[in-house]
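Below, chains carry the letters A, B, ... as their sequence lines are ordered, and counting in each starts from 1.
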Number of protein chains: 2
Amino acid sequence: MIKVVVVEDNDTIRDGLKILIDGTEGYSCIGAYSKCEAMLKVLEKLQPDVLLMDIGLPGMNGIDGIKEAKAVLPDLNILVLTVYEENDLIFDALCAGACGYLVKKTPPSKLLEAIKEATQGGAPMSSHIARKVIDFFQHKNRSASKGANNNLTPREREILSGLVEGNSFKAIADSLFISIETVRFHFRNIYKKLHVHSQSEAVAKAIKEGLI
Amino acid sequence: MIKVVVVEDNDTIRDGLKILIDGTEGYSCIGAYSKCEAMLKVLEKLQPDVLLMDIGLPGMNGIDGIKEAKAVLPDLNILVLTVYEENDLIFDALCAGACGYLVKKTPPSKLLEAIKEATQGGAPMSSHIARKVIDFFQHKNRSASKGANNNLTPREREILSGLVEGNSFKAIADSLFISIETVRFHFRNIYKKLHVHSQSEAVAKAIKEGLI
DNA sequence: CCCCCCTCTACCTATTTAGGTAGTATTAAT
DNA sequence: ATTAATACTACCTAAATAGGTAGAGGGGGG
């Protein structure tokens with residue numbers, strides 16, 4: 001029996017979810033609240049398997065609710081159920097501890113399946129949400145490979161990497177079997193291209209913009 | 001009709017996939033190769049909707065194959081189909097441009113569904129893979145908020161931040177209304193605590209470990 | 001009350017970096 | 001064949017940084 005707790009401010013939806021869950025073999029809705037605060041008070045007693053949460057709530061917002069819930073029960077599976085598809089909310093929710101993210105138009109059968117999946121170590125996501133999540137990885141890379149590293153030559157990137165690893169000019173020179181003067185030469189060009197005037201600035205920019 | 005190209009070195013599996021895809025209404029396997037190189041040569045002509053790729057291939061590895069394929073057809077939906085569940089491979093594949101990641105034990109019906117999902121802007125993933133992906137976000141946060149920033153005093157973090165912003169010791173001193181000697185004093189302590197010996201190393205460590 | 005930690009300042013020396021000028025060699029493109 | 005871009009080396013000066021030593025003042029806890 002999968003024990004589910006629901007937090008959803010819309011009475012109609014909340015009641016609908018409770019009826020759906022309780023009405024399905026193997027599922028039980030052991031709590032349904034309109035606010036995070038109310039849920040958090042009894043969370044430890046309830047010990048649910050899955051927490052189904054709305055994000056756009058009055059009072060404490062859903063993201064903070066997730067964090068607090070995770071603080072009480074670190075292994076709780078939290079599913080976000082929402083109308084929002086904004087990237088920030090998705091990532092905030094995932095970072096806060098959600099293990100899945102469903103849009104509200106998800107059909108009941110899929111919702112029940114998602115709840116079960118969550119208890120089995122899965123991460124149910126609506127397909128468009130999943131795409132946004134994986135896009136994150138590609139964007140991370142895109143900015144790294146095209147973004148701003150463009151004007152740096154391969155050799156310059158190599159040398160800059162050495163600095164990011166924490167090596168001195170001399171160490172970089174030795175590892176590349178070139179003169180320290182050559183390293184200095186490259187850094188002059190790197191600094192010009194990145195518009196910086198010190199090692200630390202260059203390292204910070206290199207890491208932040210994913211140049212390396 | 002969804003046009004699929006398969007790359008898989010195991011003849012049995014490859015033939016099985018081709019038969020499955022061709023044998024299903026609405027799907028067509030317009031190419032099946034045992035190596036990335038062969039697929040890449042004809043990719044532009046084939047113009048498939050989905051590329052189903054193995055990762056552990058002889059010759060060019062799957063990750064590079066994904067990158068090259070994306071270079072030819074940037075909007076191609078690439079699904080990884082593999083036995084590997086190592087984190088690095090998953091993330092490398094996603095960064096390279098895969099839009100989904102399926103383990104080989106995925107049943108045929110799920111596989112076909114995943115192919116369709118990919119063409120509709122989804123990101124089909126086996127449930128355990130999805131969990132690993134979302135775990136990434138949570139770990140990212142955990143190490144950033146708790147990780148190692150502990151042993152630095154508030155003042156030291158403040159000063160280190162200045163360095164990460166790209167400021168010189170003097171600039172940091174001025175902005176905090178303290179002497180440059182004080183800044184140097186703090187950096188000596190910061191370096192000891194972080195076990196580094198230069199600005200760049202400190203900045204790199206600070207950013208990577210999320211100290212700032 | 002005393003000790004420890006944090007914060008602040010100073011001086012010394014050796015090393016490293018920043019920025020400028022100047023020149024050679026190789027390769028790819030015009 | 002000339003140009004542009006890249007990679008390499010050298011020498012110069014001024015500035016910044018690393019590491020050591022030394023000491024003052026404040027606040028919290030034993």
Side-chain angles (χ1 to χ4, degrees), chain A residues 144-212, chain B residues 68 71-72 145-212:
Chain A
S145 54
K146 293 191 199 135
N149 83 354
N150 40 26
N151 28 18
L152 292 189
T153 69
R155 192 58 158 178
E156 282 164 356
R157 270 195 294 282
E158 196 175 2
I159 285 182
L160 186 53
S161 298
L163 190 64
V164 174
E165 306 291 333
N167 301 117
S168 68
F169 288 7
K170 169 137 186 53
I172 295 171
D174 288 348
S175 72
L176 297 177
F177 304 106
I178 56 178
S179 154
I180 192 172
E181 287 299 329
T182 305
V183 174
R184 279 167 38 61
F185 167 82
H186 286 300
F187 270 114
R188 277 193 287 271
N189 295 327
I190 291 170
Y191 285 9
K192 275 182 197 161
K193 288 180 181 176
L194 298 185
H195 305 291
V196 300
H197 304 278
S198 71
Q199 292 186 63
S200 38
E201 231 179 324
V203 170
K205 200 147 190 170
I207 295 181
K208 283 179 186 165
E209 320 232 321
L211 303 183
I212 43 87
Chain B
E68 303 255 348
V72 178
S145 53
K146 293 188 199 140
N149 80 358
N150 39 30
N151 32 16
L152 292 188
T153 69
R155 193 56 159 178
E156 282 164 356
R157 271 195 293 282
E158 194 174 5
I159 285 183
L160 185 52
S161 299
L163 189 63
V164 174
E165 306 291 333
N167 302 117
S168 67
F169 289 4
K170 167 134 190 57
I172 295 171
D174 289 348
S175 72
L176 296 179
F177 305 106
I178 56 178
S179 154
I180 191 171
E181 287 300 329
T182 305
V183 174
R184 279 166 39 60
F185 168 82
H186 286 300
F187 271 114
R188 277 193 286 273
N189 295 328
I190 291 170
Y191 284 9
K192 274 181 199 163
K193 287 181 182 176
L194 299 185
H195 305 291
V196 300
H197 305 277
S198 70
Q199 291 186 64
S200 39
E201 232 179 324
V203 170
K205 200 146 189 168
I207 295 180
K208 284 179 185 165
E209 318 232 323
L211 302 183
I212 43 84

- prompt: In whole angstrom, what separates A:Asn189's CG from D:dT6's P?
  reply: 9 Å
field: Whole-Å gap separating P (C:dA18) and CD (A:Glu201)
entry: 10 Å
- request: List the atom of B:Lys205, the atom of B:Leu194, and the distance in Å for their closest heavy-atom pair.
  value: NZ-O, 3.1 Å
field: Interatomic distance where CD belongs to A:Glu156 and P belongs to D:dC8 [whole Å]
entry: 10 Å
Closest to the A:His186 side chain, choosing from D:dA7, D:dT9, D:dA18: D:dA7
task: Report yes if the side chains of B:Arg155 and B:Asn189 come closer than 4.5 Å at any heavy-atom pair, otherwise no.
output: no
task: Can you tell me the distance, in whole Å, between the CD1 atom of A:Ile190 and the P atom of D:dA7?
output: 10 Å
statement: Of all heavy-atom pairs linking B:Ile207 and A:Ala204, the shortest is CD1-CA, 3.8 Å
- prompt: Looking for any heavy atom pair under 4.0 Å, which part of the strands does A:Ser168 touch: base, sugar-phosphate only, or nothing?
  reply: sugar-phosphate
Restricting to nitrogen or oxygen on both sides, can you table the protein-nucleotides 20-29 of chain C pairs closer than 3.5 Å?
unit_1 : atom_1 : unit_2   : atom_2 : d
C:dG20 : O6     : A:Arg188 : NH1    : 3.2

statement: Whole-Å distance, B:His195 NE2 to D:dA18 C1', equals 17 Å
- request: Measure across B:Asn167 and A:Ser200 and return the closest heavy-atom pair with its distance rounded to 0.1 Å.
  value: O-OG, 4.4 Å
- prompt: Where do A:Thr153 and A:Lys193 come nearest, in terms of heavy atoms and distance?
  reply: CG2-NZ, 3.9 Å
query: Reckon A:Tyr191 touches a base, only the sugar-phosphate, or nothing at all at heavy-atom distances under 4.0 Å?
result: sugar-phosphate
field: Between D:dT9 (P) and A:Asp174 (CG): distance, integer Å
entry: 12 Å
query: Do you know the tightest heavy-atom contact between A:Ser198 and A:Tyr191?
result: C-OH, 3.3 Å
query: Among D:dT17, C:dT9, D:dT9, which is the nearest nucleotide to the side chain of B:Ile178?
result: C:dT9
- request: Would you kindly give the CD1-to-P distance between B:Ile172 and C:dT7, to the nearest whole Å?
  value: 15 Å
- prompt: So, for A:Ile172 and A:Leu163, which heavy atoms are closest and what is the spacing to 0.1 Å?
  reply: CD1-N, 3.6 Å
query: B:Phe187 has an atom CZ; how far is it from atom P of C:dC8, in whole Å?
result: 13 Å
query: Relative to the 5' end of DNA chain C, which residue comes earlier, B:Ser198 or B:Leu176, by the nucleotide with the nearest heavy atom?
result: B:Leu176
query: How would you label the contact of A:Ser179 with the nucleic acid (heavy atoms, under 4.0 Å): base, sugar-phosphate, or nothing?
result: sugar-phosphate
message: Of the listed nucleotides (D:dA7, D:dC8, C:dC8), which one gets closest to any side-chain atom of A:Thr182?
response: D:dC8
- prompt: Out of D:dA7, D:dT9, C:dC8, which has the shortest distance to the side chain of B:Arg155?
  reply: C:dC8
- prompt: Between B:Thr153 and C:dT7, does any side-chain N or O lie under 4.0 Å from OP1 or OP2?
  reply: yes
